[in-house]
> 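Can you keep this structure in mind? I'll have questions shortly.
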Amino acid sequence: MTRTRFAPSPTGYLHIGGLRTALYNYLYTKKTDGTFLLRIEDTDRTRLIEGAMEHLIDTIERVGLHYDEGPAKEANHGPYIQSERTDLYRKYADQLIKNGHAYHCFCTPERLTEMREQQAKNKQAPMYDRTCLKLSADEVKAKIDAGIPSVIRQKIPHGRQLSFHDHIRGNVNFNTSTIDDQVLMKSDNFPTYHLANVVDDHHMEISHVIRGEEWLPSTPKHILLYKAFGWDVPEFAHIPLLLNKDKSKLSKRQGDVSVESYLSKGYCPEAIINFIALLGWHPGEGEENEIYTLEELINLFSLKKVHKAGAIFDIEKLDWFNYIWNKKKHNKNLAAIAKEIDSKVIIELNHKKEPVYTFQNLKYEQEFNNKRGELLKKMVDNYLKPEYTQDHDLLLKALVTNEDKILKSSLEINELIHFFYERPHIDPAMVLNEKMKVSKEIAIKGLQKSIDTLKKLKDFEDLKKLQHTLIDLVQKMELKNGQLLWPIRVALTAVQFSPGTFEMLWALGKDESIKRIKSTIEALQNS
Ligand code: GLU
């Protein structure tokens with residue numbers, strides 16, 4: 001049974017690299033039906049930041065990496081916050097001393113600094129010189145009794161070759177003589193990361209330790225601790241570093257690395273997860289697709305496919321993922337709208353003679369359904385502006401009145417329907433039309449009369465009535481159809497090609513239509 005953990009220290013925001021570690025743990029665990037833990041490693045009391053743990057939990061939950069066990073999700077292996085487990089670490093530190101795997105060290109910070117400076121001068125690697133290992137049991141006791149502060153150091157058995165298998169790096173070998181006697185318990189009685197990490201991974205029954213490559217040099221120390229306790233060693237996978245574009249280690253200095261800040265800038269969680277998953281992992285050759293949901297990532301993930309080399313963090317790529325994901329999510333809205341078109345608006349296909357848009361007319365449902373698919377595809381391909389989808393009713397009308405154009409024209413969908421949403425800027429010259437014999441005078445008169453007539457019309461939803469009313473007006477004014485209908489259509493759309501005058505009146509409704517006609521009259525009068 002796989003059990004993994006994400007074990008952040010609450011020292012600030014959640015770093016992009018930290019989220020990737022959490023994600024790879026999560027993907028591996030869910031793929032193998034295991035349990036994913038969150039453990040808070042807060043034993044370095046000097047680096048704690050108030051509220052950091054809460055932010056961290058909030059962030060990983062927001063991006064959908066729900067943990068199975070951890071703070072506020074207590075199970076059999078808690079508490080999951082290390083500062084609440086300090087008795088356990090002390091017990092195991094004492095056990096190590098008793099069995100000869102650790103020793104007290106009373107060296108002062110000044111002495112250690114001097115020692116390191118000397119080692120640097122001699123071009124030696126910095127390493128504790130084991131001065132306190134030479135103390136007898138009585139000397140140690142006397143110092144402790146005298147209240148001299150001490151730390152507990154791991155006694156590394158030198159002169160051994162230590163090798164282990166890493167899921168990503170393959171076989172890794174260390175010579176134990178190069179390993180420093182690590183501090184396990186500090187003088188403040190808190191354990192260091194190394195001791196607490198091993199004790200907890202054992203007690204929490206962690207089967208796979210998946211973490212950043214920066215912890216690789218610590219792994220032999222940990223393995224020696226497992227062996228000293230007589231515990232099974234978990235499996236290891238060390239994830240490659242994240243790099244800036246110049247291949248330096250990813251840091252704050254070269255840009256934003258906090259997940260919270262990307263979320264607050266409006267990047268969507270799906271895009272962040274998708275982007276991060278592919279930083280150092282790829283599903284394999286032949287897999288061209290780059291857009292994956294969390295569910296798909298779980299299915300595809302394998303530790304074997306994690307790269308050994310560092311991964312470049314390219315923020316422009318995140319922008320691209322965000323664009324694609326927003327589009328994808330937005331299209332879900334469009335799908336809902338399309339469904340609504342299905343049930344609400346059906347176009348009468350015999351509209352060549354008498355265009356009639358009816359609601360709840362199921363006669364042509366099948367036919368319209370076929371077109372609906374294409375219509376939707378076109379909307380999706382063209383990325384309909386999200387603000388155009390807010391007023392469903394208007395969108396439906398914009399779509400049904402433009403159906404043919406949307407399907408046939410190579411113009412962007414937003415170009416075809418923008419005048420439904422934005423009041424057009426009227427160019428008086430466009431209203432006038434020599435060929436149709438629309439003079440300024442005729443245009444103004446016709447528009448004024450049409451306002452009076454339309455104001456009286458009760459039912460704007462009935463396209464037939466709209467049509468009859470305006471044709472009546474044309475006849476009463478002894479005009480040709482175009483002399484009245486052209487100025488109205490320009491007033492409503494300000495474009496050469498658009499749905500017809502009646503459809504536009506129907507779609508925009510009474511108030512909006514009258515407003516547009518009024519401002520066209522003003523524009524003509526002022527020209
Ligand atoms: N607390 C360590 C960190 O902040 C955890 C390292 C590990 O996973 O072992 O990265």
Side-chain angles (χ1 to χ4, degrees), residues 2-29 34-49 52-57 59-60 65 67 69-71 77 79-86 88-89 154 164 166-169 172 182-184 186 190-226 231 233-242 249-252 257-260 276 279-280 303 306:
T2 306
R3 284 177 63 86
T4 62
R5 82 309 192 268
F6 175 47
S9 301
T11 54
Y13 55 82
L14 176 59
H15 187 281
I16 288 278
L19 181 62
R20 189 187 52 159
T21 302
L23 176 63
Y24 286 8
N25 271 286
Y26 180 86
L27 297 177
Y28 182 76
T29 315
T35 305
F36 173 56
L37 270 77
L38 174 67
R39 182 173 74 224
I40 301 297
E41 300 206 330
D42 60 346
T43 58
D44 187 349
R45 309 306 284 172
T46 58
R47 294 178 62 221
L48 286 193
I49 293 203
M53 178 179 91
E54 289 74 14
H55 278 300
L56 223 141
I57 293 177
T59 306
I60 63 167
L65 304 187
Y67 55 92
E69 291 180 24
H77 299 78
Y80 296 88
I81 300 176
Q82 286 189 328
S83 57
E84 294 172 14
R85 300 168 66 84
T86 46
L88 195 66
Y89 312 130
Q154 185 176 5
F164 65 93
D166 185 283
H167 278 268
I168 296 163
R169 314 204 63 83
V172 184
Q182 183 66 54
V183 173
L184 299 176
K186 292 171 284 180
F190 271 91
T192 57
Y193 152 73
H194 305 278
L195 178 64
N197 191 272
V198 166
V199 168
D200 285 349
D201 281 348
H202 170 72
H203 280 268
M204 295 179 182
E205 296 182 69
I206 298 303
S207 62
H208 292 72
V209 170
I210 302 169
R211 63 185 168 196
E213 195 181 272
E214 64 274 27
W215 300 106
L216 189 62
S218 301
T219 307
K221 298 173 196 173
H222 297 180
I223 292 176
L224 289 169
L225 283 175
Y226 284 108
W231 295 338
V233 180
E235 297 189 33
F236 291 102
H238 287 90
I239 308 170
L241 294 177
L242 286 184
K249 194 175 163 201
L250 186 64
S251 68
K252 258 192 284 190
V257 290
S258 114
V259 180
E260 286 94 325
I276 284 181
L279 286 177
L303 283 173
V306 175

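Atoms within a ligand are numbered from 1 in the order they appear, just like the ligands themselves. Only this structure's heavy atoms are used, side chains among them; waters, hydrogens and symmetry mates stay out.
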> Should you measure from each heavy atom of N197, which atoms of ligand 1 turn up under 4.0 Å away?
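In order of numbering, the contacting atoms are 7 (C), 9 (O).
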> Check whether the ring centres of Y89 and H203 lie less than 6.0 Å apart, and answer yes or no.
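No: the rings miss the under 6.0 Å criterion.
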> Among D201, D200, T29, I206, find the one that has a side chain to side chain contact (heavy atoms under 4.5 Å, CB included) with L37.
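Between L37 and the candidates, side chain to side chain contact (heavy atoms under 4.5 Å, CB included) is satisfied uniquely by I206.
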> Any chance you could measure H238, atom NE2, to L303, atom CG, to the nearest 0.5 Å?
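One finds 12.0 Å between NE2 of H238 and CG of L303.
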> Using a 4.5 Å cut-off on heavy atoms from C-beta on, say whether the side chain of T43 contacts that of T192.
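Answer no - side chains too far apart.
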> Taking ring pair (Phe, Tyr, Trp, His ring centres under 6.0 Å) as the criterion, tell me which of Y193, F236, W215, F164 meets it with H222.
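Considering Y193, F236, W215, F164, a ring pair (Phe, Tyr, Trp, His ring centres under 6.0 Å) with H222 is found only for Y193.
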> Which residue holds the protein heavy atom closest to atom 5 (C) of ligand 1, what is that atom called, and what is the gap in Å?
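Protein heavy atom at minimum distance: A7 O, 3.1 Å.
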> Among all protein heavy atoms, pick out the one at the shortest distance from atom 10 (O) of ligand 1; state its residue, atom name and that distance to 0.1 Å.
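Result: W215 NE1, 3.3 Å.
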> Taking non-hydrogen atoms only, is F6 closer than 4.0 angstrom to ligand 1 via side chain, backbone, both or neither?
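Near ligand 1, F6 shows nothing, with every heavy atom at 4.0 Å or more.
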> Identify, for atom 4 (O) of ligand 1, the protein heavy atom at the shortest distance, and state residue, atom and that distance.
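For atom 4 (O) of ligand 1, the nearest protein heavy atom comes out as S9 OG, 3.4 Å.
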> Taking the side chain from H208 and the backbone from I210, do they hold a donor-acceptor pair closer than 3.5 Å?
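No, the answer is negative, given that no donor and acceptor are paired below the 3.5 Å cut-off.
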> Starting from atom 8 (O) of ligand 1, what is the nearest protein heavy atom, named by residue and atom, and what distance separates them?
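Sorting protein heavy atoms by distance from atom 8 (O) of ligand 1 puts R5 NH1, 2.7 Å first.
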> Starting from atom 9 (O) of ligand 1, find the nearest protein heavy-atom neighbour and note its residue, name and distance.
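Looking only at protein heavy atoms, the one closest to atom 9 (O) of ligand 1 is Y193 OH, 2.7 Å.
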> Taking the non-hydrogen atoms of E214, is any one of them nearer than 4.0 angstrom to ligand 1?
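Under 4.0 Å: no for E214.
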> Just which atoms of ligand 1 are under 4.0 Å from any heavy atom in E41?
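That gives atoms 1 (N), 2 (C), 5 (C) of ligand 1.
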> Taking E69 first and then R3, would you say they form a salt bridge - that is, a charged N and a carboxylate O separated by under 4.0 Å?
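A salt bridge links E69 with R3.
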> Would you kindly specify which portion of T21 sits under 4.0 Å from ligand 1, judged on non-hydrogen atoms: side chain, backbone, both or neither?
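The answer is neither; T21 stays 4.0 Å or more away.
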